[in-house]
Amino acid sequence: MGKIAVIGTGYVGLTTGACFAHLGHDVICADIDERKIAKLNKGEIPIHEPGLDRIVHEGRDTGKLLFVLGAEAAARHCEFVYLCVPTPEGADGSADLSYIEAAARQIGPVLPADAVVINKSTVPVGSTRVVERALGRSDVAVVSNPEFLREGSAVNDFLKPDRVVIGADDQSAAVRVASLYVGVPAPLMVTDPASAETIKYACNAFLATKLSFVNAVAAICEAVGADVKDVILGMGYDRRIGHEFLKPGPGWGGSCFPKDSKALIRIAEDHGYDFHLMRGVVSVNEEQFERTAEKVVQMAGGSVDGVKIGAWGIAFKANTDDVRESPALEILGRLARQGAIVRAYDPAVSSPMDDFEVVTDPYAACEGADVLIVLTEWDEFKWLDMDKVRDLMAEPRVVDARNLLDRSALQRRGFSYVGIGRA
Ligand code: UGA
């Protein structure tokens, strides 16, 4: 089994490292954040990700998973080095490669002969070349191996992926990277680096397009008196469309879709193609934040100035504590700026927020509230005592931006209910 270094212990890096150790490889994970490494060395997991704690502990117990400070310390003795550092959105919408380049410059001088450096971060087409230059090593191959894992099901997505994509010019390096995935039941494809990098962006862009499309269909449903729940069910039975990723919501967010959509628009522009379809997808999403906030305003009687709003959900989706580019922050921020007094609850988020108060109990969010808005599709919201919620609220009014709650049961209890795409 190969010895693997993983640089960066965020969602992607920590999941990659722990899963490779679970598959039997010797793995050293590195980060520049001293506190994070200290925590990991005590067996504490810095993120909320189902199943991750179990395999991190397993790796520590078997000695197959180590954590060290700094990229050089990890890369020095490793045949494979995975780069899993962030590629945030730069000022002009393009992906900022400075973390990747810095990591590559650090490890270049210490890598053993014939090592393979693998890009797992989502990077613009052509970044394999950027890493090659920053490494400055002609004997080291650079390979693209994009990740497709979703937060909230990252471990499962890594161990049972739909496919593994490897982009390499050097076929022997591709075969060596492929060998790391022995035991993973998935089709494995080898292509060139530019195609592998494009596959990753095109997938996220396509999924974001599907979501903006269904949010637009939801708006049409509201206008024509159709019910989007039935519309997506009827659409999804068509196998060419499928049921997955077809749920309307408050808009899409997270650490990937917003930045990757903008980066792909930028990549296209830089290469002379105006990706106006994708620009439309992004602007439909911004409209969706506005449309959702407006539902609350309408339900409150036309203004939210001084109005108490309860919110369930802060994370960008269920089963994660990640609030990066969360639609909930967009929408609650808009309401707060119009004078609303917002108290929000999320099962996985307790840190303070700029625009509103965060409470640690779902019922506390409803106390005295004029409107309750559901923003994240946590399963536990379905099982709360809605009689108690009605009695706590000043007015029993719900905006259900995930179509999560049982509309007829709420209406029977005296709630006014507005969902997404339902007349
Ligand atoms: C996304 C992709 O799904 C992964 O394949 C990819 O690897 C990852 O980005 C990445 O580039 O690293 P993730 O950001 O974890 O994963 O989130 P998703 O599960 O894709 O959800 C994105 C947004 O779409 C969320 O705001 C979610 O609530 C929303 N969504 C999703 C809907 O509104 N409706 C749906 O039916 C599905």
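We count ligands from 1, going down the list as the structure has it; atoms in each ligand are counted the same way. Just so you know, residue 1 is the first one in the sequence shown, and it goes up from there.
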* Does any pair with a residue in residues 202-211 pass side chain to side chain donor-acceptor pair (under 3.5 Å), and if so which ones, sequence neighbours excluded? -> N204-D260

* Asked: Who are the ring-ring contact (aromatic ring centres under 6.0 Å, His included) partners of H243, not counting sequence neighbours?
  -> Y237

* To do: Taking only Lys NZ, Arg NE, NH1 and NH2, and the carboxylate oxygens of Asp or Glu, determine whether K3 and D26 approach each other closer than 4.0 Å.
  => no

* To do: Non-hydrogen atoms closer than 4.0 Å to ligand 1: which protein residues do they belong to? List them by chain and number, please.
  => E147, F148, L149, R150, E151, K200, N204, L211, F245, L246, K247, W252, G253, C256, F257, D260, F316, K317, R402

* Could you tell me whether F381 and W312 have their ring centroids closer than 6.0 angstrom? => yes

* Can you list the residues that meet the ring-ring contact (aromatic ring centres under 6.0 Å, His included) rule with F67, with sequence neighbours excluded? -> none

* Any donor-acceptor N or O pair under 3.5 Å, side chains S255, E151 -> yes

